[in-house]
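Single-structure report; data block below.
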Protein chains: 2
Amino acid sequence: MITGFLDKLKNLDIPTCLRVCAGTDGSITFLLEIMTKEDVSVITKNQYLIPADKDTASLFNIDIGDEINYRTVALVAGNKPYVYARSLSPIKRMPPEVKQDMMRADIPIGKILRNHDIETRRDFENLEVEENHEYFECNQVLSRSYKIIHHNHVLMWINELFPVDDRWYL
Amino acid sequence: MITGFLDKLKNLDIPTCLRVCAGTDGSITFLLEIMTKEDVSVITKNQYLIPADKDTASLFNIDIGDEINYRTVALVAGNKPYVYARSLSPIKRMPPEVKQDMMRADIPIGKILRNHDIETRRDFENLEVEENHEYFECNQVLSRSYKIIHHNHVLMWINELFPVDDRWYL
């Protein structure tokens, strides 16, 4: 899976910084801050609880109807949006000490995990270029999805959209 | 600690890709592969066991005299070296399933952790630019050190040296 993901990414003719953000197994907010030399803001667009349906219950190994925190955010550096992210996170999988932060708006995931010394791994799922004009003023977005695993459970499923344009020449 | 590390990095006038490699909390080998679009080789320079002295015993919370695996490697992409890394890793802290891979030469750390689904976090220690002509054909190297934490123990201490020159314009 990881080899296929990497090979796909290496064959895309896109700016290096975009390729790096789409391919890192570390924190995106962190990388954006290093690349742009600007502070990165997390702007929350939506946040609410939804009950797990059959697919999400299976994804998180929870029961149908269990509560899932749904959040959509934009990552903005120097007034420019660089990433639009949707996340799903089952309440019962959240370590007690991070639950409050996870439910709060405007704290990046990487920072929450770091602040609470949470050990994780990130498992890549999918990567593709899509025609999509909804989130950014450009013709194409690069979409990737991955899971954050903690104590062998899926703590969070994340889908990130990156605009494919020249804002990445950093 | 993390804020100081980031601020220091953001103020360095160095190529973006070097700043990104020196600042990521993810796998370096992985990033190098994405940046260069080349396969990355791990060339082992040294590997042997040493007994813990007072300082390393304290760092790893082990006994003086306990065995530590010492490894120095170069990360090479497209025949060019990009990183020179020294690592210390106490034998008794290695999860049994990864011990064999950790003692073998030429497998990158990120790949070992990923292959065995090891959950970790990376804690930064230090970052500085040094005059050093020993490892690369250039005048300055960027040196950073960090710890890889697993099950709340220090699994590995790593020091990486990056050449400060134009090979990072990728």
Side-chain angles (χ1 to χ4, degrees), chain A residues 1-3 5-40 77 108-124 127 146-153 155 168-170, chain B residues 1-3 5-40 77 108-124 127 146-153 155 168-170:
Chain A
M1 173 55 91
I2 188 65
T3 313
F5 188 93
L6 259 189
D7 286 345
K8 221 166 165 179
L9 194 55
K10 280 158 77 176
N11 285 320
L12 290 178
D13 184 23
I14 55 177
T16 303
C17 281
L18 170 54
R19 220 164 49 238
V20 163
C21 272
T24 183
D25 58 352
S27 155
I28 283 275
T29 319
F30 208 62
L31 274 196
L32 269 183
E33 199 162 328
I34 296 167
M35 285 175 176
T36 61
K37 293 184 167 191
E38 307 262 9
D39 289 333
V40 173
I109 299 304
K111 195 167 277 180
I112 295 174
L113 299 175
R114 179 167 300 281
N115 286 348
H116 296 281
D117 292 343
I118 305 291
E119 299 171 4
T120 58
R121 58 175 222 267
R122 296 183 183 215
D123 283 1
F124 293 117
L127 177 82
Y146 60 96
K147 294 180 279 197
I148 297 183
I149 314 282
H150 173 63
H151 285 172
N152 285 317
H153 285 295
L155 180 62
W168 296 97
Y169 290 112
L170 295 166
Chain B
M1 174 55 92
I2 188 66
T3 313
F5 188 92
L6 259 189
D7 286 346
K8 219 165 167 180
L9 195 55
K10 282 157 76 174
N11 285 319
L12 290 178
D13 185 24
I14 56 177
T16 302
C17 280
L18 170 54
R19 221 164 50 240
V20 163
C21 271
T24 184
D25 57 352
S27 154
I28 283 275
T29 319
F30 209 62
L31 273 195
L32 270 182
E33 198 162 328
I34 297 168
M35 285 175 174
T36 61
K37 294 184 166 189
E38 307 261 10
D39 289 333
V40 173
I109 299 303
K111 194 167 277 181
I112 295 173
L113 299 175
R114 179 168 299 283
N115 286 348
H116 295 282
D117 292 341
I118 305 292
E119 299 170 3
T120 58
R121 60 175 220 267
R122 294 180 185 218
D123 284 0
F124 293 117
L127 177 81
Y146 60 95
K147 295 180 278 196
I148 297 183
I149 314 284
H150 172 62
H151 286 172
N152 285 316
H153 285 297
L155 180 63
W168 295 96
Y169 289 112
L170 296 165

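Below, read A as the first sequence line, B as the second, and so on, with proteins coming before strands; counting in each chain starts at 1.
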#### Entry: Single hit among B/D25, B/L31, B/V20 for side chain to side chain contact (heavy atoms under 4.5 Å, CB included) with A/T24
B/L31

### Message
Give me the atom names and distance for the closest heavy-atom approach of B/R19 to A/M35.
### Response
NH2-O, 3.1 Å

### Query
Under a 4.5 Å heavy-atom cut-off, does chain B meet the side chain of A/I28, its backbone, both or neither?
neither

### Segment of B/D39 engaging chain A (4.5 angstrom heavy-atom cut-off)
both

### Query
In terms of heavy-atom proximity below 4.5 Å to chain A, should B/L12 be classed as side chain, backbone, both, or neither?
backbone

### Those residues that, when tested against B/D123, pass side-chain contact (heavy atoms from CB on, under 4.5 Å) (two or more places apart)
A/R114, B/R121, B/I149

### Segment of B/S27 engaging chain A (4.5 angstrom heavy-atom cut-off)
both

### Task
Examine whether an atom of B/D117 lies under 4.5 Å from a heavy atom of chain A, and if so say whether it belongs to the side chain, the backbone or both; otherwise answer neither.
both

#### Entry: Atom NZ of A/K8: over 12 foreign heavy atoms under 6.0 Å
yes

### Message
Looking only at heavy atoms and a cut-off of under 4.5 Å, which of A/N152, A/I34, A/I118 has the most pairs with chain B?
### Response
A/I34

### Task
Drop me the distance from B/T16's OG1 to A/W168's CH2, to the nearest 0.5 angstrom.
12.5 Å

#### Entry: A/H116, NE2: over 12 other non-hydrogen atoms inside 6.0 angstrom
yes

### Most contacts with chain B, counted as non-hydrogen pairs under 4.5 angstrom, among A/R122, A/K10, A/E38, A/H150
A/K10

